[in-house]
Amino acid sequence: QVQLVESGGGSVQAGGSLRLSCAVFGYTDSNYCIGWFRQAPGKEREAVSSIDSDGRTTYADSVKGRFTISHDNAKNTLYLQMNSLKPEDTAMYYCAADYRAAICGWLLFKGAEWNYWGQGTQVTVSS
């Protein structure tokens with residue numbers, strides 16, 4: 001059974017940084033697409049970033065140049081380095097995983113179709 005466990009959320013002032021982690025358990029396929037999504041209160045869930053098993057990354061326009069996604073294969077852990085945080089980045093952040101590596105970039109913007117989801121970690125950015 002695949003499990004995703006996020007950590008690293010917290011409260012930070014605008015302009016600060018946080019690094020989110022997502023430990024992936026039980027995923028054995030060498031092909032993967034894993035990513036981050038977020039949902040603010042009263043808003044729909046939105047895509048943040050994805051990375052596939054070939055190392056190709058995709059970012060939402062709202063986080064380009066500020067967020068960096070990476071994956072440590074040895075630890076089977078996904079990271080999201082978030083710099084220059086803004087109050088509008090405040091949200092619950094979720095990691096997700098899917099087998100369809102070849103369409104990972106496209107899949108990022110089709111959130112409802114991902115196979116596995118974590119429980120989320122809260123990020124709060126104050127002005």
Side-chain angles (χ1 to χ4, degrees):
Q1 184 174 352
V2 177
Q3 281 190 304
L4 308 176
V5 181
E6 302 97 334
S7 61
S11 297
V12 64
Q13 289 192 326
S17 299
L18 282 174
R19 189 177 79 154
L20 306 183
S21 299
C22 173
V24 182
F25 301 97
Y27 191 101
T28 58
D29 198 308
S30 60
N31 294 310
Y32 60 80
C33 172
I34 47 179
W36 292 97
F37 296 80
R38 66 187 183 186
Q39 187 167 19
K43 295 187 176 181
E44 292 188 354
R45 183 176 59 200
E46 64 173 349
V48 176
S49 182
S50 67
I51 186 168
D52 66 25
S53 42
D54 288 329
R56 292 172 295 205
T57 59
T58 304
Y59 294 92
D61 287 344
S62 59
V63 305
K64 280 181 182 176
R66 300 188 299 123
F67 291 10
T68 302
I69 192 170
S70 61
H71 182 253
D72 186 326
N73 287 325
K75 297 181 178 180
N76 212 5
T77 299
L78 176 70
Y79 300 100
L80 185 69
Q81 178 66 43
M82 306 186 295
N83 298 328
S84 302
L85 282 161
K86 305 175 181 180
E88 51 264 44
D89 293 318
T90 295
M92 185 71 79
Y93 282 70
Y94 300 90
C95 67
D98 195 274
Y99 293 103
R100 294 168 286 180
I103 58 169
C104 192
W106 175 85
L107 199 60
L108 176 63
F109 301 101
K110 302 291 181 181
E113 298 190 16
W114 289 57
N115 280 301
Y116 306 105
W117 290 87
Q119 295 300 306
T121 185
Q122 178 68 37
V123 171
T124 303
V125 184
S126 59
S127 58

**Student:** Does one hydrophobic cluster hold both Y79 and L18, with members joined at side-chain heavy-atom distances below 4.5 Å?
**Tutor:**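 The answer is no; the residues belong to distinct hydrophobic clusters.
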**Student:** Output the distance between atom CG (L108) and atom CD (E46), rounded to the nearest 0.5 Å.
**Tutor:**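 One finds 10.0 Å between CG of L108 and CD of E46.
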**Student:** So with a 6.0 Å cut-off around CD of Q119, is the heavy-atom count from everything else above 12?
**Tutor:**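 Counting other residues, nucleotides and ligands, CD of Q119 stays at 12 neighbours or fewer.
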**Student:** Considering only heavy atoms from C-beta outward, does the side chain of S17 approach that of N83 to under 4.5 Å?
**Tutor:**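 SC-SC contact between S17 and N83 confirmed.
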**Student:** Quick one: does S62's side chain get under 4.5 Å of R38's, heavy atoms only?
**Tutor:**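 Contact flag for S62/R38 side chains = yes.
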**Student:** In sequence, state the C-alpha distance, the side-chain angles, and the governing distance for F67 and W36, and then conclude on ring-ring contact (aromatic ring centres under 6.0 Å, His included).
**Tutor:** CA-CA 11 Å; F67 291 10; W36 292 97; 9.9 Å; no
**Student:** If we only count heavy atoms from C-beta on, is the L4 to Y27 side-chain gap below 4.5 Å?
**Tutor:**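 A side-chain contact under 4.5 Å is absent here.
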**Student:** What's the shortest heavy-atom distance between S70 and L78, and which atoms?
**Tutor:**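 Result for this residue pair: O-CD1, 3.3 Å.
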**Student:** First locate atom CD1 of I69, then atom OG1 of T58, and finally report the distance between them rounded to the nearest 0.5 Å.
**Tutor:**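 The CD1 atom of I69 sits 8.5 Å away from the OG1 atom of T58.
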**Student:** What are the two closest heavy atoms between S127 and P87, and how far apart are they?
**Tutor:**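 Taking S127 first and P87 second, the nearest heavy atoms are CB-CG, 3.8 Å.
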**Student:** If you round to the nearest 0.5 Å, how far is OG of S49 from CZ of F37?
**Tutor:**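 One gets 9.5 Å once the value is rounded to the nearest 0.5 Å.
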**Student:** SG of C33 to CD1 of I103: how many Å apart, nearest 0.5 Å?
**Tutor:**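 Result: 8.0 Å between the selected atoms.
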**Student:** Answer yes or no: is there a donor N or O on one side and an acceptor on the other, between the side chain of W114 and the main chain of L107, under 3.5 Å?
**Tutor:**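 Indeed, once roles are kept as given, a pair shorter than 3.5 Å links the two residues.
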**Student:** Is there side-chain contact between E113 and D98, with heavy atoms separated by less than 4.5 Å?
**Tutor:**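 No; the side chains remain at least 4.5 Å from each other.
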**Student:** Specify the closest pair of heavy atoms between T121 and L20, including all atoms of both residues, with the distance to one decimal.
**Tutor:**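 Closest heavy-atom pair between T121 and L20: CG2-CD2, 4.0 Å.
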**Student:** Got Y93 and E6 here, is their nearest side-chain heavy-atom distance under 4.5 Å?
**Tutor:**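 Y93 does not reach E6 side chain to side chain.
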**Student:** Tell me, do M82 and V125 make a side-chain contact under 4.5 Å, heavy atoms counted?
**Tutor:**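 Not in contact.
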**Student:** Taking the six-membered ring of W117 (Phe, Tyr or Trp), confirm whether the NZ or CZ of R45 is under 6.0 Å from its centre and within 45° of its axis.
**Tutor:**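 The answer is yes, since R45 meets both limits relative to W117.
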**Student:** For S53 and N31, which heavy atoms make the closest approach, and how far apart are they?
**Tutor:**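 Reported closest heavy-atom pair: OG-CA, 3.5 Å.
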**Student:** Determine whether N76 and H71 satisfy the following criterion, side chain to side chain contact (heavy atoms under 4.5 Å, CB included), listing intermediate values before the conclusion.
**Tutor:** CA-CA 7 Å; N76 212 5; H71 182 253; 3.4 Å; yes
**Student:** Ion pair present between D61 and K64, side-chain N to carboxylate O less than 4.0 angstrom?
**Tutor:**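 K64 and D61: salt-bridged.
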**Student:** Looking at every non-hydrogen atom in both residues, tell me the closest pair between C104 and D52 and how far apart they are.
**Tutor:**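 Distance-wise, the nearest heavy atoms are CB-CB, 3.8 Å.
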**Student:** OH of Y99 to OH of Y116: how many Å apart, nearest 0.5 Å?
**Tutor:**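 Rounded to the nearest 0.5 Å, the OH-OH separation comes to 3.0 Å.
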**Student:** For the atom pair CD (Q122) and CD (Q39), what is the distance rounded to the nearest 0.5 Å?
**Tutor:**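 Rounded to the nearest 0.5 Å, the CD-CD separation comes out at 11.0 Å.
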**Student:** Would a 4.5 Å heavy-atom cut-off, applied to side chains only, mark M92 and Y94 as touching?
**Tutor:**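 A side-chain contact exists here, since the closest heavy-atom pair is under 4.5 Å.
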